[in-house]
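In what follows, chains carry the letters A, B, and so on, assigned in the order in which the sequence lines appear, proteins first and then strands, with residues in each chain numbered from 1.
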Amino acid sequence: MAESKPQPKIKKKAVPMPKQPPEVRKHNFNEVALGYTEEQALEEASRCLQCPNPQCVKGCPVEIDIPAFIKLLREGKYEEAIKKIKEKNSLPAICGRVCPQEEQCQKMCVISRVGEPVSIGRLERFLADWERARGFTIPEKAPPTGKRVAVIGAGPAGLTVAADLAKLGHEVVIFEALHLPGGVLVYGIPEFRLPKSIVMAEVDYIKKLGVEFKLGYLIGRTYTIPELLNEEGFDAVFIGTGAGLPQFLGLPGEELGGIYSANEFLIRVNLMKSYAFPEYDTPIRIGSRVAVIGGGNVAMDAARSALRLGADQVYIVYRRSREEMPARKEEIENAEEEGIIFKLLTNPTRFIGDEKGWVKQMECIKMELGPPDESGRRRPIPIKGSEFLMDVDTVIIAIGRTPNPIIQRTTEGLAVTKWGTIVTDENGKTSLEGVYAGGDIVTGEATVISAMGAGKKAARAIHEYLLSKNLVG
Amino acid sequence: MYEILRVEQLAPKIKLFEVYAPEIAKKARAGQFIIIISNEKGERVPLTIAGYDREKGSITFAFNEVGKTTKQLGLMKKGECIWNITGPLGNPSEIRNFGKVLCVAGGVMIAPMLLQVKALREAGNTVVTVMGARIKDLLFFKEEMRALSHRFYVATDDGSEGYKGLDFLKDILAEEKFDRCIAMGPVPMLQKVCELTKPYKIPTIVTLLPIMVDGMGMCGVCRVNIGGQMKFACVDGPEFDGHLVDFEQLIKRQRMFLPEERLSALLWELGGVSFG
């Protein structure tokens, strides 16, 4: 053990991700990041120090054995490498693209103390794409247990729970309210950041595990949770209904035409593919001057989509400064490269319409930063008398989403917080027996990977619950 | 996939479908709606449920063949399948014994009004029904409605059958006391009914189906101003107190995508010819 090895030379610079050039990509909906070539992946993988006590794993919400998969990749054993990832994560092509790795695994990477961390997400994506190109192998499943689980919502949390429980031999049915599976992955995140064909391929993999998808079922309306448990023969239920309700500003003129919630705008563009109107039936109208209100990832997605739909000028209007923006740094940079204009420390106060009821101007007020508020960020304070008008013909309101309320309203005895999120223990167990929940419906709007992490924990808890039920029964 | 069991031509360019959808039929109640998507590239269209048969496992709904989707739908035949139907959505109507109820239905919404009237009768109400259309050829379900109602009136915009317009209601409202009014139809008709009932403070319930996308509270395009408060027609409605509705705003918002809707229907009628 004490054998002294020569210290490896640390390569401080990561292999950059090939991307579509900004001038090209701002006119199309194709994926921006193109993915590593095999050579690039091997080069990047060679930077991993294979730490005996890996920190990166501690940063991963689904506990992927990162050094192990990178080692296999390095040895050219791609199939084993992706298998290693899939032991913990059934949706690697998605996570490799949309996880905030800079806040998670890569933040913990020891190289980040002296240089750029290993690009773990890009390597994950490389392996997932490699596997998808040559066809999935379906892992061994445990023998059927005879237990049935209803999963509500086919988003990141629900898909994770379904995959994990199916592998353990349970019969799983996913009820999805929309007509396509994927949740926020299909209605929220744009094609250029996460191609829908990739989501559908990962969904296909989960179908191959034996999971049944029932689309167009709004639980709380078509069936209630007590009905699923008592009449439809399910032994447990997982609620992963997410945070899909739009928030509005409550300002005068918000009813004007041309003012969209980010959800409406993104649902039209992503889920309904209105960028391909009239080939697809759902229309979208985009003007020449677009203001997106908000500073999160959803705001960046909306702004960059508006640009691709042909807007001349797209503004991000955010009430705090750049440091407080909740969006991923990478996404802010992408938006800037494409020519999105940032109007910081600015907040709308009212919208002014034309005679047809279409928005034509937005009144804003300048803000300054005061002392930190309860979120720890400096509080924005309006500067008196600094109001000014902006000419706009489209406004997209991206100031956050709140939990979907229908399950809470139709499930008696389900404990809910005052914010409308569902109360659970650390494993996703709710106040009702056999009912579990996870993802944004529990935490409020968060990330894809944290929802998947919650799904993993809930799947384990549901499995244990079903086994214990077996013993008693 | 949802199989069409029956197609009925109710009037020129108005059709009724009976569709096999047992899980929806099991839960459907008067006042609720469904979202249909006719194919993979289709839009999501909200339609009010006009009937259900829980034993047979079927639901019925009627539609005007006006836009691309409804025109496409109008070409579908018995035995063919609709790609996806989601429902029942929205809150069911409040149905109880109110006493004497005035029901006013216009256009395609005559179909769901029949379900409403049935439910009101079963709850013990006295029901006075008015059905209207632009011209007499667009009226349907007259005999069914007459049979269900205690009293029954017909009105048309051009006077080609029954009363000309709804102004005849002024006299009736001046003479009789109503405990509730239920109005289903085009927005200008709803607005007119609310103007007529307001002086008599008759609680007037209107069904609003503004533009919707998901129909379950996610997009907010169906936002309506109800007494100064923003409500979503899909989850807070579709029925609202008509005397609180900002109809001007509703009409403007309904026209938001008119040019695109026209373009879409035109291109489809031309057989997919592109001008590009």
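Proximity to chain A (any heavy atom under 4.5 Å) is restricted, for B:Ile211, to the side chain, taken from C-beta onward. Looking at B:Val213, only its side chain comes within 4.5 Å of chain A, counting heavy atoms on both sides. Residue contact with chain A, scored on non-hydrogen atoms closer than 4.5 Å, involves the backbone of B:Glu40 exclusively. Both the backbone and the side chain of B:Met256 come within contact range of chain A, each with at least one heavy atom under 4.5 Å from a heavy atom of that chain. For B:Ile85, the part lying under 4.5 angstrom from a heavy atom of chain A is the backbone only. Only the side chain of A:Arg268 comes within less than 4.5 Å of a heavy atom of chain B; its backbone N, CA, C and O stay farther away. Contact of B:Gln254 with chain A is not made at all, since no heavy-atom distance falls under 4.5 Å.
Here CG of A:Leu271 is found 9.0 Å from CG of B:Asp214. Values are rounded to the nearest 0.5 Å.
Salt-bridge formation is detected for the pair A:Glu279/B:Lys41: a Lys NZ or Arg NE/NH1/NH2 atom is positioned less than 4.0 Å from an Asp or Glu carboxylate oxygen. Ion pairing between B:Glu23 and A:Lys214 holds under the 4.0 Å rule for side-chain N and carboxylate O. Here B:Arg253 does not pair with A:Glu255 in a salt bridge; the nearest charged N to carboxylate O distance is not below 4.0 Å.
Between A:Phe277 and B:Leu263 the shortest side-chain heavy-atom distance falls below 4.5 Å.
Judged as a side chain to side chain contact (heavy atoms under 4.5 Å, CB included), and not counting sequence neighbours, the contacts of A:Glu176 are A:Ala154, A:Leu178, A:Leu215.
Applying the side-chain contact (heavy atoms from CB on, under 4.5 Å) test between B:Glu260 and each of A:Pro278, A:Ser274, A:Pro283 identifies A:Pro283 as the sole match.
The aromatic rings of A:Tyr260 and B:Phe257 are tilted relative to each other, their planes meeting at an angle between 30° and 60°.
Considering only heavy-atom pairs separated by less than 4.5 Å from chain B, the leading option among A:Gly244, A:Ala276, A:Gly220, A:Gly257 is A:Gly244. Ranked by heavy-atom pairs shorter than 4.5 Å toward chain B, the options A:Ile259, A:Ile406, A:Thr222, A:Leu256 are led by A:Thr222. Among B:Arg255, B:Arg44, B:Glu248, B:Glu261, the residue with the largest count of heavy-atom pairs under 4.5 Å with chain A is B:Arg44.
No more than 12 heavy-atom neighbours from other residues, nucleotides or ligands sit within 6.0 angstrom of CD on B:Glu55.
B:Asn84 places no side-chain N or O within donor-acceptor distance of the main-chain N or O of A:His179, the cut-off being under 3.5 Å. Remark: the backbone N or O of B:Gly220 is not paired with any side-chain donor or acceptor of A:Ser261 at under 3.5 angstrom. The main-chain N or O of B:Ala28 is never found under 3.5 Å from a side-chain atom of A:Arg221 such that the two would form a donor-acceptor pair.
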Under the side-chain contact (heavy atoms from CB on, under 4.5 Å) criterion, do B:Lys27 and A:Thr224 qualify, and how do the steps go? CA-CA 10 Å; B:Lys27 277 302 179 66; A:Thr224 62; 4.3 Å; yes
